[in-house]
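Comments concern the structure below.
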2 protein chains.
Amino acid sequence: MKSGLVTIKDLARELNISASTVSRALKDHPDISKETKRAVQELAQKLNYQPNAVALSLKQRRSNTIGVIIPEIVHYFFSSVISGIEDVAYEAGFNVIICQSNERYEREVANAKTLLASRVDGVLVSISKHTTDYKHFKNFQNNEVPIVFYDRVVPDIIADQVIIDDFDAAYRSTRHLIDSGRTRIAHLGGPMALLIGQNRKNGYLKALSEAGIPADENLILEADSFEKARMAIMKLINQKIKFDGVFATNDLTAIGAMQTIQKKGYKIPDEIAIVGFSDGRFSGITDPTLTSVDQHGYEMGTLATQMLLKRILSEDDEYPAETKVLNADLIVRGSSII
Amino acid sequence: MKSGLVTIKDLARELNISASTVSRALKDHPDISKETKRAVQELAQKLNYQPNAVALSLKQRRSNTIGVIIPEIVHYFFSSVISGIEDVAYEAGFNVIICQSNERYEREVANAKTLLASRVDGVLVSISKHTTDYKHFKNFQNNEVPIVFYDRVVPDIIADQVIIDDFDAAYRSTRHLIDSGRTRIAHLGGPMALLIGQNRKNGYLKALSEAGIPADENLILEADSFEKARMAIMKLINQKIKFDGVFATNDLTAIGAMQTIQKKGYKIPDEIAIVGFSDGRFSGITDPTLTSVDQHGYEMGTLATQMLLKRILSEDDEYPAETKVLNADLIVRGSSII
DNA sequence: GTGAAAGCGCTAACAG
DNA sequence: CTGTTAGCGCTTTCAC
């Protein structure tokens with residue numbers, strides 16, 4: 001922040017009027033005469049005056065900035081969320097400070113501290129995989145800085161939340177496979193420690209039981225990466241455990257499965273159908289294209305930000321914490337066409 | 001920024017000392033007695049005092065914040081750059097405000113204005129595809145806010161730059177194909193309007209001519225997306241124009257080509273070898289895996305930030321603008337194994 | 001060793 | 001219609 005930047009005082013001095021008059025003229029205050037306004041605005045234009053947001057923040061005790069804590073930007077889903085956040089925030093005249101936790105607890109705590117020091121007016125948080133202690137978030141609430149959690153929420157803090165209905169999405173994905181005539185459906189799931197892992201598995205189980213298909217433990221595997229999927233599928237095939245469908249907990253996993261299956265000579269979707277989760281950049285470019293659940297990251301970002309702004313701007317009256325559940329759409333593509 | 005947050009005054013009142021003493025005690029000023037320091041620091045801890053970064057910024061006329069203007073976060077390359085930026089910035093005690101231009105000129109101008117108003121101490125910029133006017137950047141320079149351009153730089157502004165050597169990377173990629181015995185190498189390139197498009201094509205041409213292989217206009221196609229690549233390759237094959245290698249301007253394009261080639265019954269890499277560019281998330285998950293140029297986004301981010309911080313922190317003496325050229329590594333994978 | 005005062009840039013209550 | 005004053009939270013001379 002260099003001294004070079006023009007201030008209100010500079011304008012005032014130049015025009016031989018007071019700083020307050022300049023301030024008022026700039027914001028079109030009704031008290032100020034037309035000529036003064038014109039003169040001030042003209043000079044401001046000429047000298048390229050930019051109001052000092054820092055001074056404003058201090059004065060108003062409101063920074064017009066929201067903080068975002070996000071696990072890892074490189075994931076398509078999270079970067080979509082950010083786009084949604086930015087669009088809504090800028091529209092409302094708010095800046096956005098983004099902090100990556102990189103899936104590390106210590107970093108997340110540091111992020112929280114930074115945002116608090118920066119006096120953000122509110123925060124949007126998706127917790128890291130390794131966060132089990134939530135004191136650093138309580139800190140915001142103690143200081144009346146509203147929080148909205150998105151996607152990866154925390155159980156023991158009362159706050160607004162935006163999540164997607166993992167259970168339902170998993171249910172519908174599995175249902176879709178069943179509807180296409182599959183009965184031996186494998187599930188490549190995430191760790192049960194994460195809520196989303198549990199929810200997706202439970203949705204899968206519900207669809208099976210509803211269709212009267214007994215769950216087969218041999219078909220339920222923990223595999224949530226490209227490599228793990230390859231190994232898991234390889235094992236199934238080598239052990240001659242038959243399956244005609246795969247519901248994977250994310251797209252990379254689905255693609256790992258897909259490749260292994262093809263390499264082993266099975267046809268997709270004819271012999272084995274595949275459904276992924278997250279609908280990232282990959283789903284359109286595999287061969288066949290991948291059926292997947294669209295998590296609507298952009299919408300999640302816009303919605304979370306709207307909820308946060310509502311809290312920030314709500315004058316006084318508190319209202320109870322809200323939880324919004326987004327529907328995730330199953331996008332049917334080539335890997336599961338009937 | 002709620003009133004709830006503890007200030008230095010609160011601590012002072014509580015301890016019946018002056019605000020200045022508290023301020024000094026908190027930063028371990030030698031003048032202050034041990035007991036006072038202890039008392040202050042203890043209370044600060046207890047009340048969870050967080051220094052108000054906004055007030056500090058105003059006072060120091062230095063926000064300890066850097067601004068980033070980036071085309072689109074959703075691209076793997078750009079999100080890697082951001083990670084590099086954040087790591088270096090946080091290490092140095094700087095915050096980062098990220099603004100997406102979404103490849104739109106107007107948005108970029110608005111971004112620049114926002115960052116100026118926020119009194120960032122410096123900016124990192126990669127211009128949008130549609131930016132041809134650079135006044136909004138001059139504004140920073142007029143106000144002594146240093147700029148470092150990364151990846152997509154601008155010709156007519158004198159400023160630090162970090163770029164990768166597209167020409168050389170393209171040359172080496174093509175060279176690699178030639179070394180593996182290919183002589184009919186197609187180039188799927190980007191629009192010639194962008195510097196990177198030209199550079200990559202020229203690198204390709206140089207490798208050919210150096211090897212005494214005449215360039216064939218039929219093999220030089222403008223195709224820089226998944227779909228365009230599919231159509232371009234389809235056309236080549238249908239027209240019975242023979243080729244045994246493909247150098248594509250990015251990975252999605254390479255993958256489009258790969259799929260079409262495989263679908264037409266040709267073996268990769270045996271009959272046709274493929275090299276992509278950017279080395280994103282895709283390269284490891286195709287079958288065969290994709291040879292590609294690693295653009296080193298993370299390093300670009302760290303380097304650009306180091307250059308920026310150096311400018312910000314360099315007390316007075318100006319030094320001439322620097323341009324750093326990063327080498328891009330060719331990562332050889334299955335699609336071009338000899 | 002500690003305190004009082006001024007000021008970073010801006011706004012708003014209070015005077016005139 | 002415009003100016004004066006005070007203050008947002010903090011640091012930093014300058015006093016004592």
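As the structure is a prediction and not an experimental result, all values here were calculated from the model. Every chain is numbered from 1 and lettered A, B, ... according to where its sequence line falls, protein lines coming before strand lines.
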Let's see if you can work this out: which of [options] has an atom nearest to the side-chain heavy atoms of [X]?
X: N52(A); options: dT11(D), dC14(D), dG9(C); result: dG9(C)
X: S20(A); options: dC10(C), dT12(D), dT5(D); result: dT5(D)
X: D31(B); options: dG9(C), dT2(D), dT2(C); result: dT2(C)

Exercise for review: Check whether any side-chain N or O of T36(B) sits under 3.5 Å from a backbone N or O of I32(B) as a donor-acceptor pair, and report yes or no.
Suggested key: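 Such a contact is absent between T36(B) side chain and I32(B) backbone.
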Look at the side-chain N and O atoms of [X] and state whether any lies under 4.0 Å from the OP1 or OP2 oxygen of [N].
X: K27(B); N: dT11(D); answer: yes
X: T21(A); N: dT2(D); answer: no
X: S18(B); N: dG3(C); answer: yes
X: S23(B); N: dT11(D); answer: yes
X: S57(A); N: dC8(D); answer: no
X: Y49(B); N: dG9(D); answer: no
X: K9(B); N: dC8(D); answer: yes
X: R61(A); N: dG9(D); answer: yes

Review point. Parallel, tilted or perpendicular for F78(A) and H75(A), by the 30°/60° rule?
Key: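 Rings of F78(A) and H75(A): tilted, 30 to 60°.
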Exercise for review: Report the C-alpha separation of Y298(A) and D87(A) in whole Å, then their side-chain angles, then the decisive distance to 0.1 Å, and conclude whether the side chain to side chain donor-acceptor pair (under 3.5 Å) test is met.
Suggested key: CA-CA 9 Å; Y298(A) 183 86; D87(A) 283 357; 2.5 Å; yes
Practice item. Scan S33(B) against the nucleic acid and name what it touches under 4.0 Å (heavy atoms): base, sugar-phosphate only, or nothing. Key: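 Counting heavy atoms under 4.0 Å across all strands, the contact made by S33(B) is with sugar-phosphate only.
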Point to revise | Partner of E86(A) under side-chain contact (heavy atoms from CB on, under 4.5 Å), chosen from T305(A), V81(A), I98(A), N95(A) | key: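 Per the side-chain contact (heavy atoms from CB on, under 4.5 Å) rule, the option paired with E86(A) is I98(A), out of T305(A), V81(A), I98(A), N95(A).
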Review point. Under the 3.5 Å rule, do the base of dG9(D) and the side chain of R119(A) count as making a donor-acceptor pair?
Key: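 In this structure, the two groups form no donor-acceptor pair.
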Review point. To the nearest Å, how far apart are R62(A) CZ and dA12(C) P?
Key: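 Nearest whole value for this atom pair: 13 Å.
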